[in-house]
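Let me begin by presenting the structure, written as C-alpha cells, before commenting on it.
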Amino acid sequence: MSKLNKMLEKNFTSLKLRYFLENYQAAAQLAAENQMSHLEFLAELIDGEAAEQNARAVERRLRNSRLPFEKSMDQFQWNHPDKINRLQIENLMRLDFIDKKVNLLVIGSSGVGKSHIAAALTRQACLNGYNALFTSAIEIVNCLTAAKAANCLEKALKRYLNPAVLCCDELGYLPIDKLGCNLLFQVVSQRYERGSMIITSNKSFKNWTEIFHNDAAVTSAILDRLLHHSEVVIIEGKSYRMKNRTSEN
C-alpha cells in the first residue's frame with residue numbers, strides 16, 4: 001500500500017467515512033476508465049457516503065425508538081373499524097404535527113388499531129429524521145417511580161423529554177397511583193409546546209379521572225396541556241383480535 005493510500009485510509013477512518021474507506025479505490029478505477037472529472041468522482045463518493053450515513057442514522061433512530069413491532073399503514077385493516085377517518089390519519093403520516101409541536105390523542109376501545117397507528121407514526125418519524133420513543137404509560141410511571149426512589153429523577157425525565165416525538169401507549173388500561181399521576185404530569189407539563197406526544201387510550205376524556213387516581217385537578221391539568229395544541233383521532237368498533245378469534249371458532 002502506498003504512502004498516499006495509508007494517509008487517505010487513516011483520515012477516512014478518523015473522520016468515520018466508512019463508504020469512502022471501502023470504496024475509494026474502486027471508485028477511482030471506475031473514474032479513470034470512464035474519464036470522469038475530479039468533481040464527478042468526488043460527487044459519486046459523497047453521494048454514496050451520504051446514503052450510507054443516512055441509512056445508519058435511520059437504523060439508529062429505529063433502534064432507539066424501542067418500537068416493540070414495526071408497523072406501517074400499508075398493513076392496516078381499514079375495513080375493520082366501524083368508524084375511522086382514513087384521510088385524517090393519512091394526512092398525519094406527513095408528520096407536519098411534529099414541527100408544530102402538536103399532540104395526537106388516539107381514542108378508541110381495545111383492538112381497533114390504536115397502537116398500530118401510533119407505531120406507524122413513530123416509525124415514520126424515525127424514517128424522516130426525527131428522534132422518537134415508543135413506550136407505555138405504565139412503563140413511564142414505573143421508570144420514573146424507580147428513578148425518584150433512587151434520587152435520579154431528573155436524569156430519567158430526560159429520556160421522555162428529549163425525543164421530538166414521545167408515544168405514550170395504552171393510557172387507561174391500568175390505574176395510576178397518586179405518585180404516578182404527578183410524575184406523568186411532569187412529563188406532559190415539561191413537553192408542553194416543546195415536543196409532540198402521541199397518546200393512545202381506551203377511555204374517553206370524560207372518564208380520564210378514573211385513570212388519574214380520581215384526582216380531578218391533576219386530570220384537568222394534564223388534559224389542558226395535551227389538548228391545547230392537539231388533534232384527536234376517534235376510532236369506533238369492536239376488537240379485531242376478538243373478531244378473528246370468533247371467526248376461528
Side-chain angles (χ1 to χ4, degrees), residues 62 65-98 101-128 130 132-142 160 163-176 180-181 184 187-188 191 195-212 219 222-223 225-247:
L62 284 170
S65 73
R66 306 295 296 274
L67 276 165
F69 41 75
E70 284 199 28
K71 295 285 189 181
S72 72
M73 294 314 296
D74 293 337
Q75 305 163 300
F76 193 78
Q77 301 293 323
W78 291 104
N79 61 347
H80 166 64
D82 295 334
K83 183 178 179 181
I84 187 170
N85 189 334
R86 180 170 182 171
L87 184 61
Q88 178 191 26
I89 293 167
E90 289 179 339
N91 186 58
L92 289 171
M93 294 298 292
R94 296 168 53 196
L95 306 178
D96 293 342
F97 71 93
I98 299 177
K101 311 295 191 294
V102 168
N103 298 315
L104 304 184
L105 294 99
V106 187
I107 310 298
S109 58
S110 178
V112 294
K114 302 185 303 298
S115 295
H116 185 136
I117 292 168
L121 284 165
T122 303
R123 177 178 178 271
Q124 185 77 350
C126 292
L127 294 178
N128 284 272
Y130 297 98
L133 176 63
F134 187 101
T135 185
S136 69
I138 291 301
E139 185 176 345
I140 293 175
V141 168
N142 288 343
Y160 304 110
V165 182
L166 174 64
C167 181
C168 177
D169 196 29
E170 298 184 333
L171 179 66
Y173 285 83
L174 292 172
I176 301 173
C181 293
L184 198 56
V187 175
V188 172
R191 287 191 65 88
S196 296
M197 293 186 70
I198 302 171
I199 294 179
T200 71
S201 180
N202 63 334
K203 294 186 181 296
S204 60
F205 298 134
K206 66 180 181 181
N207 295 322
W208 273 30
T209 52
E210 299 172 11
I211 302 172
F212 298 112
T219 304
I222 288 175
L223 277 172
R225 286 159 177 78
L226 288 176
L227 292 174
H228 183 209
H229 303 293
S230 69
E231 186 162 347
V232 179
V233 177
I234 303 293
I235 308 174
E236 296 178 3
K238 297 179 180 179
S239 170
Y240 184 76
R241 292 181 289 273
M242 291 301 295
K243 175 184 174 183
N244 283 347
R245 185 179 299 177
T246 301
S247 63

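The figures that follow rest on heavy atoms only: side chains count, while hydrogens, waters and symmetry mates do not. On a predicted model such as this, the values are computed, not experimentally measured, just so you know.
Checked against ring pair (Phe, Tyr, Trp, His ring centres under 6.0 Å), F97 has no partners two or more places apart in sequence or in another chain. Under the ring pair (Phe, Tyr, Trp, His ring centres under 6.0 Å) criterion, Y173 pairs with no residue, sequence neighbours left out. For the salt bridge (charged side-chain N to carboxylate O under 4.0 Å, His left out) test, residues two or more places apart in sequence or in another chain that qualify with E210 are K203. Listed by chain and number, the residues in a salt bridge (charged side-chain N to carboxylate O under 4.0 Å, His left out) with D74 amount to none (sequence neighbours excluded). For H229, there are no ring pair (Phe, Tyr, Trp, His ring centres under 6.0 Å) partners two or more places apart in sequence or in a different chain. Taking the salt bridge (charged side-chain N to carboxylate O under 4.0 Å, His left out) definition, one finds that R225 meets it with nothing, sequence neighbours left out.
For the pair T135/Y160, a side-chain contact is recorded, criterion being any heavy-atom separation below 4.5 Å from C-beta on. With a 4.5 Å cut-off on side-chain heavy atoms, L174 and V141 do not count as touching. Within the 4.5 Å cutoff, the side chain of L127 has heavy atoms near those of the L62 side chain. Inter-residue side-chain proximity for L104 and V233 is flagged as unmet; no heavy-atom pair is nearer than 4.5 Å. Taking 4.5 Å as the limit, every side-chain heavy atom of N128 sits out of range of all side-chain heavy atoms of I98. Two residues are said to be in side-chain contact when any heavy atoms from C-beta on lie closer than 4.5 Å; I211 and T219 fail this criterion.
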Quiz item: Taking it one step at a time, do S110 and N202 satisfy side chain to side chain donor-acceptor pair (under 3.5 Å)?
Solution: CA-CA 6 Å; S110 178; N202 63 334; over 6 Å; no
Exercise. Mind running side chain to side chain contact (heavy atoms under 4.5 Å, CB included) on L227 and N103 for me, showing each step along the way?
Key: CA-CA 7 Å; L227 292 174; N103 298 315; over 6 Å; no
